[in-house]
There are 2 protein chains.
Amino acid sequence: MERAVAAVEGRWKLLILHHLLVREPRRFSELERAIPRVTQKMLIQQLRALEADGIVQRIVYPEVPPHVEYRLTEAGTALVPALNALHDWAVDTEL
Amino acid sequence: MERAVAAVEGRWKLLILHHLLVREPRRFSELERAIPRVTQKMLIQQLRALEADGIVQRIVYPEVPPHVEYRLTEAGTALVPALNALHDWAVDTEL
DNA sequence: CAGTATCCAATTCGATACTG
DNA sequence: CAGTATCGAATTGGATACTG
C-alpha cells in the first residue's frame, strides 16, 4: 500500500500517466513536448521509476535514429480507477 | 488532482490515516506509540500538513497537562474509498 | 532521437536537546 | 503531554553540456 502511493508519488508521474492515458504510445520527445516544464533528467527518472514499478512499459525499436515508445502496462491501466477515485475526491472536496 | 496526491504523499501520512481509521480520536502520544519509527518532528509535520489539507482535525482541550486529539474530518473520511481503491490495486498487482 | 554526466541549490529527514 | 529548535546528513531537483 505504501508502495502503491510511492508508485504515483513524484511531481511528474501523474502528468506522465495522464498523457499516456490520453494517447498511447508516446515517444520520449512527445512527452517532453507534452510536459514542457520537465527536464530530460526528471522525465527519464520518473519514467524509469514507473517502469520499475511495472506501471509503464518501455519499448525500444532498434532503428537509427533511436525510437522508443512508452505504454501503460496492464497494471498501469488497472491503476486508472484508483486515480479516478482520487480525482473524484479532489473534486468533491474542492481541494 | 496533483494536490490530491500531495495530500497523501509522505512516508507517514498513510500510516497516520490508517491509525485514525482504526480508532478515533488519537492523541499525539498515541500516534507516537502506534508508529514507533516516526520522530516527533516528522509526526507533527505530517499531522500539520494533513490538517492544512483539511484531512485531519486538531482539537485542543485547554487542560493541564495539555490534551490534543486528532480526528478525521469529513473530507478525510471521504478519502477512504480512494485509498481503498489504491489498496485494491496494490493487492491485485502484487506490488 | 533518446538519453547521460556533472555540478550545485534546495528540500527533506533523523537525531538530539529543550520547553510551556 | 505535546510539542519546538537546531544541526548536519541524505535525498531530490534543476540547469547545462555532452553522446551513441
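All of these numbers come straight from a predicted model, not from anything done at the bench. Chain letters run A, B, ... following the sequence lines, proteins first and then strands; every chain starts at 1.
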Residue pair A/Ile16, A/Leu43: steps toward the side-chain contact (heavy atoms from CB on, under 4.5 Å) verdict = CA-CA 8 Å; A/Ile16 294 170; A/Leu43 181 56; 3.8 Å; yes

Can I get a per-line list of side-chain donor-acceptor pairs under 3.5 Å for residues 25-37 of chain B, giving both atom names and the distance, sequence neighbours left out?
residue : atom : partner : partner atom : Å
B/Arg26 : NE   : B/His19 : O            : 3.2
B/Arg26 : NE   : B/Arg23 : O            : 3.1
B/Arg26 : NH2  : B/His19 : O            : 3.2
B/Arg27 : NH2  : B/Pro66 : O            : 3.4
B/Glu30 : OE1  : B/Arg27 : N            : 2.6
B/Glu30 : OE2  : B/Arg23 : NH1          : 3.2
B/Glu32 : OE2  : B/Gln40 : NE2          : 3.4

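- Hydrophobic clustering of Ile, Leu, Val, Met, Phe, Trp and Tyr side chains at less than 4.5 Å, counting indirect connections, unites B/Val56 with B/Val60.
- Here the closest heavy-atom approach between residue A/Arg11 and residue A/Gln46 is recorded as N-OE1, 4.2 Å.
- In this structure, CD on B/Gln57 lies 9.0 Å from CD on B/Glu24, to the nearest 0.5 angstrom.
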Protein and nucleotides 8-11 of chain D: nitrogen or oxygen contacts under 3.5 angstrom:
none

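- Rounded to an integer number of Å, the gap from CD of A/Gln46 to C1' of D/dG13 is 10 Å.
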What side-chain donor-acceptor pairs closer than 3.5 Å can you find for residues 68-75 of chain B, not counting sequence neighbours?
residue : atom : partner : partner atom : Å
B/Glu69 : OE1  : B/Tyr61 : OH           : 3.2
B/Tyr70 : OH   : B/Arg58 : NE           : 3.4
B/Thr73 : OG1  : B/Gly54 : O            : 2.5
B/Thr73 : OG1  : B/Ile55 : O            : 3.2
B/Thr73 : OG1  : B/Ala75 : N            : 3.3
B/Thr73 : OG1  : B/Gly76 : N            : 3.0

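- Applying the ring-ring contact (aromatic ring centres under 6.0 Å, His included) definition to pairs two or more places apart or across chains, none involves residues 29-55 of chain B.
- Residues from residues 27-39 of chain A lying near DNA chain C, meaning a heavy-atom separation below 4.0 Å, are A/Arg27, A/Phe28, A/Ser29 in numerical order.
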query = Taking only Watson-Crick and G-U wobble pairs with both distances under 3.5 Å, what dot-bracket line describes DNA chain D, where [ ] shows pairs that cross earlier ones and | shows pairs with another strand?
reply = ||||||||||||||||||||

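- Here B/Ala85 pairs with A/Ala82, A/Ala85 under the side chain to side chain contact (heavy atoms under 4.5 Å, CB included) rule; sequence neighbours left out.
- Within the structure, no pair that satisfies the salt bridge (charged side-chain N to carboxylate O under 4.0 Å, His left out) test touches residues 77-86 of chain A, not counting sequence neighbours.
- Taking every heavy atom of both residues into account, A/Trp89 and B/Ala7 meet most closely at CH2-CB, 4.3 Å.
- You'll find the side chain of A/Lys13 stays beyond 4.5 Å of the side chain of A/Val8, heavy atoms only.
- For DNA chain C, the span of nucleotides reached by chain A at under 4.0 Å from its heavy atoms goes, 5' to 3', from C/dC1 to C/dC7.
- For the atom pair CZ of B/Arg48 and CG of B/Asp53, the computed distance is 14.0 Å after rounding to the nearest 0.5 Å.
- Chaining together hydrophobic side chains whose heavy atoms lie under 4.5 Å apart leaves B/Val64 on its own.
- No chain of hydrophobic side-chain contacts below 4.5 Å, direct or via other Ile, Leu, Val, Met, Phe, Trp or Tyr residues, connects A/Ile59 to A/Leu21.
- The line from CG of B/Leu20 to CG of B/Leu47 is 7.5 Å long, rounded to the nearest 0.5 Å.
- Listed by residue number, there are no residues of residues 8-24 of chain A with a heavy-atom contact under 4.0 Å to DNA chain C.
- A/Thr93 is not listed as a side-chain neighbour of B/Leu79, based on a closest heavy-atom distance of 4.5 Å or more.
- Within residues 56-69 of chain A, the residues that have a heavy atom under 4.0 Å from DNA chain C are, in order of number, A/Arg58, A/Pro65, A/Pro66, A/His67, A/Val68.
- In this structure, CH2 in B/Trp12 is found 8.0 Å from CE in B/Met42, a value given to the nearest 0.5 Å.
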